[in-house]
Amino acid sequence: MTKKEIAVNAVHALKKEYPDAICSLVYTDPLQLLIATRLAAQCTDARVNMVTSSLFDRFKTAQDFADSTPEEVAEYIKSCGLYKTKSKDIVEMARMLCDDFGGVVPDNIDDLTKLPGIGRKTANLVCGDIFGQPAVVVDTHCIRITKRLGLHDLKDQKKIEFALRELLPPDESNDFCHRLVLHGRAVCTARKAKCEECCMNGFCPKKI
DNA sequence: ATCCCGAGGG
DNA sequence: CCCTCTGGAT
């Protein structure tokens, strides 16, 4: 089976298994998704949702964050880990949003990745979920599962993103990535993948 | 001990 | 490419 055939099979199998490709991060506007995704680094989204609940109660706009300090933001997000860089990034990002983007979250990868702490994963997620653009969100689950499926044997996140872009239908890629996260948590887990109950067991080469 | 919807620097 | 940042859960 070619990589493209495996990719098409995977898209269909996951669509059937997870009909709604839900983002499990809780947010009500673009800025909240931007921040929640930044907080998700090396942290479960369940915990991210716990801290953003009170964080977004205290800070409503980019200006609110810009007027604060990394020290204050850190108090809210400490339990997410990596809190020094995250809190610094969030305040500096908010200040750049206010200074250079009118306090509005930009709608393209190039501008988003100019923001401190915003890399390709977060930028793609925002472009896909907020602005409805074709996006390939390469996170830890995406990297692991697509590798096991034999869709690539790469390590560099950006290379994986572009490799998958060649294999996935543009209008399917965003939902596909969301479903990889759901599948990565429930079945194709990092430690002991539950291949017996996997909907892709029939065609996955299991390159674990 | 190892992993969690990463990003930036060397 | 690699490493580091970090608390919490398993």
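In what follows, chains carry the letters A, B, and so on, assigned in the order in which the sequence lines appear, proteins first and then strands, with residues in each chain numbered from 1. Below, each value reflects all heavy atoms present in this structure, side chains not excepted, and no hydrogens, waters or symmetry copies.
For the P atoms, the distance from dT4(C) to dT2(B) is 15 Å, rounded to whole Å. When the C1' atom is used for both dC1(C) and dC5(B), the distance is 23 Å, rounded to whole Å. Comparing dT6(C) with dG10(B), their P atoms sit 16 Å apart, to the nearest whole Å.
Between E161(A) atom CD and dC5(B) atom C1' the separation is 14 Å, expressed in whole Å. Summarising the geometry, the separation between CG on L33(A) and P on dG6(B) is reported as 13 Å, rounded to the nearest angstrom. Going from atom CE of M93(A) over to atom C1' of dG8(B) covers 16 Å, rounded to whole Å. Per the geometry, CD1 belonging to I143(A) stands 9 Å off C1' belonging to dG6(B), to the nearest Å. As a whole-Å value, the separation of Q42(A) CD from dC5(C) P is 13 Å. When the P atom of dC5(C) is taken as reference, atom CD1 of I77(A) falls 16 Å away, rounded to whole Å. Atom NZ in K158(A) sits about 14 Å away from atom P in dC1(C), given to the nearest Å. Counting to the nearest Å, the P atom of dC5(B) and the CD1 atom of I145(A) are 11 Å from each other.
In this structure, Y18(A) and H183(A) have perpendicular ring planes: the angle between them is above 60°, well past the 30° mark.
When the side-chain nitrogen and oxygen atoms of R47(A) are compared with OP1 and OP2 of dG7(C), none of them lie within a distance under 4.0 Å. For dC4(B), one of the phosphate oxygens OP1 or OP2 lies less than 4.0 angstrom from a side-chain nitrogen or oxygen of R144(A). Residue T140(A) places at least one side-chain N or O under 4.0 Å from the OP1 or OP2 atom of dC4(B). Side-chain nitrogen and oxygen atoms of R185(A) include at least one within less than 4.0 Å of the OP1 or OP2 phosphate oxygen of dC5(B). Phosphate contact (OP1/OP2 of dA7(B), side-chain N/O of T122(A), threshold under 4.0 Å): present. Residue Q157(A) places none of its side-chain N or O atoms closer than 4.0 Å to OP1 or OP2 of dG6(B).
Grouping Ile, Leu, Val, Met, Phe, Trp and Tyr by side-chain contacts under 4.5 Å, direct or through others, leaves V104(A) on its own.
At the heavy-atom level, C23(A) lies under 4.0 Å from base atoms of the strands shown. Backbone-only engagement by K159(A) is indicated by non-hydrogen atom pairs under 4.0 Å involving sugar-phosphate atoms exclusively. Nucleic acid contact class of K86(A) (heavy atoms, under 4.0 Å, all strands): none. Within the nucleic acid shown, L180(A) has no heavy atom closer than 4.0 Å to any nucleic acid atom. Using a 4.0 Å heavy-atom cutoff across all strands shown, G81(A) reaches at least one base atom of the nucleic acid.
Ranked by how close their nearest DNA chain B nucleotide is to the 5' end, I22(A) and P116(A) are led by I22(A). Toward the 5' end of DNA chain C, the nearer of the two residues R191(A) and K78(A), judged by each one's closest nucleotide, is K78(A). Along DNA chain B, the nucleotide nearest G184(A) and the nucleotide nearest D89(A) are compared for position; the residue whose nucleotide lies closer to the 5' end is G184(A).
Out of dC5(B), dC1(C), dT6(C), the shortest distance to the side chain of K155(A) is found at dC1(C). With dT6(C), dT2(B), dC5(B) as the choices, the nucleotide that has an atom nearest any side-chain atom of L82(A) turns out to be dT6(C). Nearest nucleotide to the S79(A) side chain, out of dT6(C), dC4(B), dG8(C): dG8(C). Distance from the side chain of D156(A) is smallest for dC1(C) among the nucleotides dT6(C), dC4(B), dC1(C).
No donor-acceptor distance shorter than 3.5 angstrom exists from the side chain of D107(A) to the backbone of V126(A), with no hydrogens or angles considered.
Within 3.5 Å, a donor on the side chain of K121(A) pairs with an acceptor on the base of dC5(B), or the reverse.
Annotation: side chain of T37(A) is in contact with side chain of K121(A) (closest heavy-atom distance under 4.5 Å).
Between Y27(A) and F56(A), a ring centre-to-centre spacing not shorter than 6.0 Å is recorded.
Ion pairing between a basic and an acidic side chain is recognised when a charged N comes within 4.0 Å of a carboxylate O; R179(A) and E17(A) show no such pairing. Contact check on K86(A) versus D89(A) returns no salt bridge, with no Lys/Arg side-chain nitrogen under 4.0 Å from an Asp/Glu carboxylate oxygen.
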